[in-house]
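Working notes for the structure below.
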2 protein chains.
Amino acid sequence: MINKLKKMGLKITPQRLAILKILDGNTSHPSAEDIYKELKPQFPSLSLATVYNTLEVLAGGGEVQEVRIKSDKKHFDPNPAPHCHFLCRVCDNIYDLDMWPEDLQLPCDIKGNLIQGCNLYLYGICFRCRDKYKNGNNNNNN
Amino acid sequence: MINKLKKMGLKITPQRLAILKILDGNTSHPSAEDIYKELKPQFPSLSLATVYNTLEVLAGGGEVQEVRIKSDKKHFDPNPAPHCHFLCRVCDNIYDLDMWPEDLQLPCDIKGNLIQGCNLYLYGICFRCRDKYKNGNNNNNN
DNA sequence: AAGGAAAATTATAATGATTATAAAATAACA
DNA sequence: TGTTATTTTATAATCATTATAATTTTCCTT
């Protein structure tokens, strides 16, 4: 964790460590505000700007991914490996899906264009919500 | 064009026709403001809200695609067929690429999740900018 | 062709995520 | 321990987008 910051030439601060700790292994795809709200009780002096700044440098350094699957807000993923993100239209949660199209290994060349990065966003209904809906139907006999 | 509006149960207005006309066959991926600026001289009374409203209903009806490849602004594509979008980091233009991953035919099922929609955003350097860079290097002997 | 209800347009204000600013605090080096 | 560059903080600014409410227009009906 400390190494990630040092590797990027950043100073070690309690705020940055706390943000990295929240992100570490986190698959909930928090927004900047989610992180801010989670840390505020332990860090009463924490500023939202610090969270934004830290996420920006981490994303710039390739340590976290910006997930722009929703139109209104950015979310963050500490897993920098390419994988797709899936937004359930029912529960509004973002999930990782570790499939990746075989014909999209980066970097690659498509019709003369150099492709360096890629975001794959999927939309639909997650298996949890499908199950709920199915059960609801059966129980209510609709 | 008129049919598109009628099909969606919308009234035919000069503003909507003008917006549809700009979009028809357009591959430049304009933003709402781009469209507004282009139409304002011919439609001095046009309001930006009208452009946003029209694009929203067209997108809702599946007649145009929202392209969220840039983090700050939405762009629009009159081609509703799934295809990927490519942002050149040098010239900042958005291009269509008509490739599509073979293993992503919609709708489909991935690990129990129902996938209904998909956005594929690519980032890199377009062939035009690659050529310019290459030539620049040769000419300057760097 | 005129009337009228429902929908659309308009000008404007509000929203809300993100970014910029500048002063105060802190980390890390000598 | 002192110093300097960096970071944090509080706050304001930005800017795309959405909401509001009054006016205008479409289009169905007569």
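No experiment lies behind these values; they were computed from the predicted model shown. No hydrogens, no waters, no symmetry mates; every other heavy atom, side chains included, goes into these values. The chains referred to below are lettered A, B, ... by the order of the sequence lines, with proteins before strands, and numbering in each begins at 1.
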Roughly how many Å is it from [atom1] in [X] to [atom2] in [N], rounded to a whole number?
X       : N      : atom1 : atom2 : value
B:Lys37 : D:dC15 : NZ    : C1'   : 12 Å
A:Lys74 : D:dT17 : NZ    : P     : 14 Å
B:Gln15 : D:dT24 : CD    : C1'   : 10 Å
A:Leu17 : D:dT7  : CG    : P     : 13 Å
B:Lys73 : D:dT17 : NZ    : C1'   : 12 Å
A:Phe43 : D:dA10 : CZ    : C1'   : 18 Å
B:Asp34 : D:dC15 : CG    : C1'   : 15 Å
A:Ile12 : D:dT8  : CD1   : P     : 11 Å

> Toward the 5' end of DNA chain C, which comes first, B:Thr50 or B:Lys11, by nearest nucleotide?
Replying inline: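 Residue closer to the 5' terminus by nearest nucleotide: B:Lys11.
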
> Quick one: do the A:Asp34 and A:Ser31 side chains pair a donor with an acceptor below 3.5 Å?
Replying inline: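 Result is yes, a qualifying pair exists.
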
> Under the ring pair (Phe, Tyr, Trp, His ring centres under 6.0 Å) test, which residues partner B:His75, sequence neighbours left out?
Replying inline: none

>> Tell me if a side-chain donor or acceptor on B:Gln65 pairs with a main-chain N or O of B:Ala81 at a distance below 3.5 Å.
In response: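 Yes; at least one donor-acceptor contact below 3.5 Å.
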
> Can you give the first and last nucleotides of DNA chain C, 5' to 3', that have an atom under 4.0 Å from a heavy atom of chain B?
Replying inline: C:dA6 to C:dA11

>> Near DNA chain D, counting only heavy atoms under 4.0 Å, which residues of residues 51-59 of chain A show up?
In response: none

For the hydrophobic clusters of this structure (ILVMFWY residues joined by side-chain heavy atoms under 4.5 Å, transitively), does one cluster hold both [X] and [Y]?
X        : Y        : result
B:Ile35  : B:Ile69  : no
B:Ile125 : B:Tyr123 : no
A:Ile94  : A:Val90  : no

> What heavy-atom pair brings A:Ala32 and A:Leu48 nearest, and what distance separates the two atoms?
Replying inline: O-CD1, 4.2 Å

>> For B:Glu33, give me all partners under side-chain hydrogen bond (donor to acceptor under 3.5 Å, both in side chains), at least two apart in sequence or on another chain.
In response: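 Scan of B:Glu33 (side-chain hydrogen bond (donor to acceptor under 3.5 Å, both in side chains), adjacent residues dropped) gives none.
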
>> Applying side-chain hydrogen bond (donor to acceptor under 3.5 Å, both in side chains), can you list everything that pairs with A:Asn93, at least two apart in sequence or on another chain?
In response: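 In terms of side-chain hydrogen bond (donor to acceptor under 3.5 Å, both in side chains), with neighbours along the sequence ignored, A:Asn93 is linked to no residue.
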
> When you match B:Ser31 and B:Thr13 each to their closest nucleotide on DNA chain D, which lands nearer the 5' end?
Replying inline: B:Ser31

>> For A:Ser71 and A:Leu46, find the nucleotide of DNA chain D closest to each by heavy atoms; which residue's nucleotide sits nearer the 5' end?
In response: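 So the residue in question is A:Leu46.
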
> If we fit an axis to the first five pairs and another to the last five of the helix from C:dA1-D:dT30 to C:dA30-D:dT1, what angle do they make, to the nearest 10°?
Replying inline: 30°

> Any Lys/Arg nitrogen of B:Asp109 or A:Arg130 sitting under 4.0 Å from an Asp/Glu carboxylate oxygen of the other?
Replying inline: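 Counted as a salt bridge, because a side-chain N and a carboxylate O are separated by less than 4.0 Å.
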
> Is the NZ atom of A:Lys40 crowded by more than 12 outside heavy atoms at less than 6.0 Å?
Replying inline: yes

> Reckon B:Arg16 has a side-chain N or O less than 4.0 Å from the OP1 or OP2 of D:dT26?
Replying inline: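 Checking B:Arg16 against D:dT26: no side-chain N or O falls below 4.0 Å of OP1 or OP2.
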
> Going by heavy atoms in the side chains, are A:Thr50 and A:Tyr36 under 4.5 Å from each other?
Replying inline: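 Contact flag for A:Thr50/A:Tyr36 side chains = no.
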
> Which is true for A:Pro14 with a 4.0 Å heavy-atom rule: it touches a base, it touches only sugar-phosphate, or it touches nothing?
Replying inline: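 Sugar-phosphate only.
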
